[in-house]
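Working notes, beginning with the structure itself.
Predicted model only: the values in this text are computed from it and were never measured. Protein chains get the first letters and strands the later ones, always in sequence-line order, with residue 1 at the start of each.
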Amino acid sequence: MHHYSQPVQSGDVSSGNVHGIRATGVSKRFNSVDALSPVDITIARGEVVTLLGPSGCGKTTLLRMIAGLERPTSGTITIDGDSPESASRRKRFGLVPQSPALLPWRTVEANARLLQDINVGANPSSLPDVVELLDRVGLADFRDAYPHELSGGMQQRVGLVRAFALDAPYLLMDEPFAALDEITRADMRHLLATLSEPTNTGVLFVTHSLAEAVYLSDRVVVLSSRPGGVVGTVAVDLARPRVPQLEDDPAFFAIETTLRRLLYSGASAS
Amino acid sequence: MNRWRDSAALWATIGTIALLAIWEAFVRIRNVRKFVLLPPSEIASTFLETPGFYIDNIWVTARHLVIGLAIALIVSLTFGALLAAVRPLEHASQPLLVLILVTPWVAYISSIVLWLGRGTPSILFLVSFVTVPAFVYATVGGMRGADPAARELFASIDASRWEVLWRLRLPSALPSLFTAARFNVGLGLAAAYFAEGAALSTDGLGEAGRRAVAFNEGSILWTTILCTAALGILGQVAVLMLERWLLRWHASQRRTTR
């Protein structure tokens, strides 16, 4: 079965079932190693879906395949009915990589503008105001600073602004806070929740942090390792907007516990 | 308090004065022949007798150096960007680059003159030819070293090859290009001086030096040598200042005093 990312006829769009990111039976082999056994996943606009799993479970690989950076060995991926390559040509993704990947020769503001400045032809007619976004993440005073003058947390905030500045319908976040200390991490997930709250953006968030998964998500897809596969999906029905006090709520702990058990059952099964 | 101890400019000046004093004293006390080494005071007076002669020749050699390096840089950036993109081509070009690097140019200058004719074309060719390898290595290494995460970021919105080259790969290569430039200023100056003397040109510091040797003019020779050194220092300073400005974002340019 090697039917990969067949674009859907435009007539089907009206039926509604091609909206969102759809990965169907997607798997990946590297050489002779199964990195990811077939996975089905959907992300709708306005929804935050988290891939949670131990390292080596293929969660980053899945994100990279959706972003068109890697081709699946089998299965189909569509983004609003489009192939990943076509979606990236049309700038449908705001990618937040694990390292901030700021360009050291660009100022904070110029870095925040980077994705707007490239492939300009595919920009939407109106783009968000980068200065205002920088203000919202508390970096208004650092517009003219260079990346090396910022702390790790501040650098990743620029990375977030850079992705949001694209006003893309989908955000793909690959463990963006993994390199930060615990306290900064908590600040960052609170910030991300407020940033993405009033938008109609679909977010795919990859993490190995339980707290991040519960705090940010509408749904959490738990993966097991080697080969990666879905162990279970947990709906997070906590109220929105998410606020930091939520992390002391018993309901929060309950979902965290469910996720932890799923994670460990996946680990022991493999 | 002890601020004078940390003043780099002050100590550099003291070092220069000490060097000149020791040099002067050594030549006078040991009574060294003019041709072997000239004392600084006589170099200064020789220069002041005909300053126009030396300044004209400095200008000629400076032009050979700058134009030669510019040609080398353009060739290297084009060639290097290609090699950075196509690995087999990089491997295939290694023999040529190493050959240019290790072959003494003293040996083949007459062939170049025979081929390109006397004067400027041969001089510019030699300066560019010998400085290309360092620039190419710097370009390839720097462009390859571009942050992989940034490359994926560019790919995620389908950046064109040109955008990747201009906005990511070229700036990534700047630090190594400047290191190569500092090295190449010295190399290119030596090549320009030598080629001017050997390519039957009519002016330039190399030609002035060759004639001074031919007519056994020790004071003119040493004044020419010092003028060449001054040009070299000027070149290094120019590269350094350009680097400070263009690489103000780079780790090497950061003030560490905090």
**Asked** Are the charged groups of A:R92 and A:D80 less than 4.0 angstrom apart, N to O?
**Response** yes
**Prompt:** Is it the side chain or the backbone of B:S156 that comes within 4.5 Å of chain A heavy atoms, both, or neither?
**Reply:** both
**Item:** Within the 6.0 Å centroid threshold, strictly below: B:F125 and B:W115
**Value:** yes
**Contact leader toward chain B among A:L95, A:D174, A:L102, where contacts are heavy-atom pairs under 4.5 Å** = A:L95
**Message:** At a 4.5 Å cut-off on heavy atoms, which part of A:L103 comes close to chain B: side chain, backbone, both, or neither?
**Reply:** side chain
**Request:** Kindly say whether A:A110 contributes a backbone atom to a donor-acceptor pair with the side chain of A:R106 at under 3.5 angstrom?
**Result:** yes
**Heavy-atom contact with chain B under 4.5 Å, split by part of A:D117** = both
**Prompt:** B:E163 versus chain A, heavy atoms under 4.5 Å apart: side chain, backbone, both or neither?
**Reply:** side chain
**Item:** Residues A:R113, A:E109: salt bridge by 4.0 Å N-O rule
**Value:** yes
**Message:** I'd like to know if the side chain of A:T73 pairs up with that of A:S27 as donor and acceptor (distance under 3.5 Å, no hydrogens or angles considered).
**Reply:** no
**Asked** Between A:L172 and chain B, which part of the residue has a heavy atom less than 4.5 Å away: side chain, backbone, both or neither?
**Response** neither
**Message:** Could you tell me if A:D187 and A:T184 have a donor-acceptor pair between their side chains, going purely by distance under 3.5 Å?
**Reply:** no
**Prompt:** Which answer fits B:L247, side chain, backbone, both or neither, if we ask what part of it has an atom under 4.5 Å from a heavy atom of chain A?
**Reply:** neither
**Asked** What part of A:R64 is in contact with chain B, defined as an atom under 4.5 angstrom from a non-hydrogen atom: side chain, backbone, both or neither?
**Response** side chain
**Prompt:** In terms of heavy-atom pairs under 4.5 Å, which option from B:A155, B:A149, B:A150, B:P171 contacts chain A the most?
**Reply:** B:P171
**Asked** Any chance OH of B:Y137 has more than 12 other-residue heavy atoms, nucleotides or ligands included, within less than 6.0 Å?
**Response** yes
**Prompt:** What part of A:L115 gets closer than 4.5 Å to chain B, counting heavy atoms only: side chain, backbone, both or neither?
**Reply:** both
**Donor + acceptor pair across side chains of A:T24, A:D40 (<3.5 Å)** = no
**Item:** Top contributor to chain B contacts, counting heavy-atom pairs under 4.5 Å, from A:I118, A:L114, A:L166, A:N119
**Value:** A:I118
